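Working notes, structure below.
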Amino acid sequence: MSKPSLPQGTRDFAPDVVRKRQYIFQTIRSVFERHGFLPLETPAMENLETLMGKYGDEGDRLIFKVLNNGLDNPAKREQVLSDFDRVLEGKNSKGITERALRYDLTIPFARFVAMNHGTLSFPFKRYQIQPVWRADRPQKGRYREFYQCDADVVGSRSIWNEVELAHIYSTVFRELGIPVDIRINHRKVLAALAETCGGAEWTTPITVAIDKLDKIGLEKVKDELRERGLDEGQVSRIEEYLGISGSFSEQLEAVQRLLGHLPSAQQGIFELKSVYELYQGEVWDQKDDSDLKIDLTLARGLNYYTGIIFEVKAMNIQIGSIGGGGRYDDLTGLFGVPDIPGVGISFGVDRIYDVMEEKKLFPANLERSTDILFFNLGDDESRRSFTLMQKLRSQGVSCELFHEKAKFDKQFKYAEKKRIPVAVIIGGSELTAGTCVVRDLNTGEQRTIEQEQLLKEYFKL
RNA sequence: GAGGGUGUAGCUCAGUAGGUUAGAGCGACAGUUUGUGGCACUGUAGGUCGUGGGUUCGAAACCCAUCAUUCUCCCCA
């Protein structure tokens, strides 16, 4: 028997880590609920055909496929062998695999909406916090199993949805204590830029290149654009675009001068301006102290985005984005239900965790587990402890009895390891007197009180 | 898919001109006269040196393969 191990790219979460992760989840969940979003869960497995072709060629390769059962059935041997040959040719074969682990939460959501569009009331606002799986090569901060945390609105073109989602970002990170920039841009502005540099078909290569700006720098981006076949005039036009700076409105004005003659740019500029104004509320003024920033270099990889796009970056820390999203048209069209537009955002929980760990932002009380440890000094004493514990527990106080009669030393050390703050000691003399010793394990102070008094004091908690 | 790094005790790691019984710290467990912990002291347990080959009189060390893990690129969260 070899040592037990974990599949590559998966993790156990020890109790203290689970506590911290749940703190993040619950904060996000609570904000979602306050904005009228409803929870949704979908299966870990989807039909393979639901997922294939939705994430591009690269995405298809990274989908975890589930092997069919019963392949060893001798009666099916010939069929299985020919099916497997098809797999070896790179074709999918239902005879070998027809299910796969979910790759993200968006496509299963689109599948759900397409299946239930007759009964859902629109706009449908859902959030979903579940693990997803990717057969990617794990590296720092990237895993084969990880949680996604999404909120989407489908069935509405209103720009208010973008405003609300931006506000969700702002609220969540404020509550978690992480200072952030919420950056927005518009795909139609990027599309307009591409239009002036060769045509709409250049949108993807151009956005992919400029998305790398803060990672590889301006010169490398220009190199990449040249390699992809843009001429110097086009490259310098993009450079001019990337050089735009200033306040939100100043940047919009600059884009207006550069691309305003194109209808798509006009719509993008208008929507960016609208989101910003609505987000600021009725006290909006020209001051640029908002956490909502415009970032014309923001592109986002996923090419199904068509309108406003979001990205959230933690300030004062060297880490990638901790959230992203955007508007897409007609996501359910892939499943035969057209004309349902949507907009959504996602939280990068693992990175948020890393930021909070590094900045020590988790509340201290997450470490608390049991409130009271009852010492075990014998069977009769323990019976009394047990009775008291049941009463305390019914009042919401968490307590436990040391599992066996043992030396004080051992019981103290157990309490220490579990960070239990209070020990209650009931020995022979306390048992007959109806009292108990309550000891504060942090300060070492202790006092003897009536057992009834113990119940009263802790009922107040 | 491409390219690097690393695998020695539960954890973090020492350990080469190849040489006999492979070490430390932390942790664990036990004890320092069994109703008061955190400190200290003493002791105990725990390793086929990732696995399989090869070179050698001799391999934890050198070579090859393999597995695991980790990082970078691609791509993404």
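In this text the structure is predicted, and so the values were computed from the model without any measurement. A note on names: the letters A, B, ... follow the listed sequences, proteins ahead of strands, and every chain is numbered from 1.
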The correct set of residues in residues 16-35 of chain A placing a heavy atom under 4.0 Å from RNA chain B is none
Across all chains, not counting sequence neighbours, the salt bridge (charged side-chain N to carboxylate O under 4.0 Å, His left out) partners of A/E450 are none
So salt bridge (Lys or Arg N to Asp or Glu O under 4.0 Å) across residues 137-148 of chain A, not counting sequence neighbours, yields A/D136-A/R142
Can you give each donor-acceptor pair under 3.5 Å made by side-chain atoms of residues 325-335 of chain A, sequence neighbours left out, with the distance rounded to 0.1 Å?
| residue | atom | partner | partner atom | Å |
| --- | --- | --- | --- | --- |
| A/R327 | NE | A/E162 | OE2 | 2.5 |
| A/R327 | NH1 | A/S156 | O | 3.1 |
| A/R327 | NH2 | A/S156 | O | 3.4 |
| A/R327 | NH2 | A/S158 | O | 3.3 |
| A/R327 | NH2 | A/E162 | OE1 | 3.2 |
| A/R327 | NH2 | A/E162 | OE2 | 3.4 |
| A/Y328 | OH | A/D152 | OD2 | 2.6 |
| A/D329 | OD2 | A/T306 | OG1 | 3.2 |
| A/D330 | OD1 | A/G333 | N | 3.4 |
| A/D330 | OD1 | A/D339 | N | 3.0 |
| A/T332 | OG1 | A/V337 | O | 2.6 |

Protein-nucleotides 70-74 of chain B N/O pairs closer than 3.5 Å?
| residue | atom | partner | partner atom | Å |
| --- | --- | --- | --- | --- |
| B/C71 | OP1 | A/K140 | N | 3.4 |
| B/C71 | OP2 | A/K140 | N | 3.2 |
| B/U72 | OP2 | A/Q139 | OE1 | 3.3 |
| B/C74 | N4 | A/Q139 | NE2 | 3.1 |
| B/C74 | N4 | A/R142 | NH1 | 3.2 |

Applying side-chain contact (heavy atoms from CB on, under 4.5 Å) to A/Q22 and not counting sequence neighbours gives A/V18, A/Q26
Numerically ordered, the residues 168-185 of chain A set in heavy-atom contact under 4.0 Å with RNA chain B is none
Intra- and inter-strand pairing of RNA chain B, written as dot-bracket with Watson-Crick and G-U pairs under 3.5 Å and | for the latter, reads (((((((..((((.....[...)))).(((((.......))))).....(((((..]....))))))))))))....
Below 3.5 Å between N/O atoms, which protein atoms pair up with nucleotides 30-35 of chain B? Just atom names and distances, please.
| residue | atom | partner | partner atom | Å |
| --- | --- | --- | --- | --- |
| B/A30 | OP1 | A/K410 | NZ | 3.2 |
| B/G35 | O6 | A/G428 | N | 2.9 |
| B/G35 | O6 | A/E430 | OE1 | 3.4 |
| B/G35 | N1 | A/E430 | OE1 | 2.9 |
| B/G35 | N1 | A/E430 | OE2 | 3.2 |
| B/G35 | N2 | A/E430 | OE2 | 2.8 |

Residues pairing under side chain to side chain donor-acceptor pair (under 3.5 Å) where one sits in residues 423-441 of chain A, two or more places apart or in two chains, turn out to be A/R439-A/Q446
For residues 414-445 of chain A, the ring pair (Phe, Tyr, Trp, His ring centres under 6.0 Å) pairs (sequence neighbours left out) are A/F402-A/Y414
So ring pair (Phe, Tyr, Trp, His ring centres under 6.0 Å) across residues 133-157 of chain A, not counting sequence neighbours, yields A/F25-A/Y147
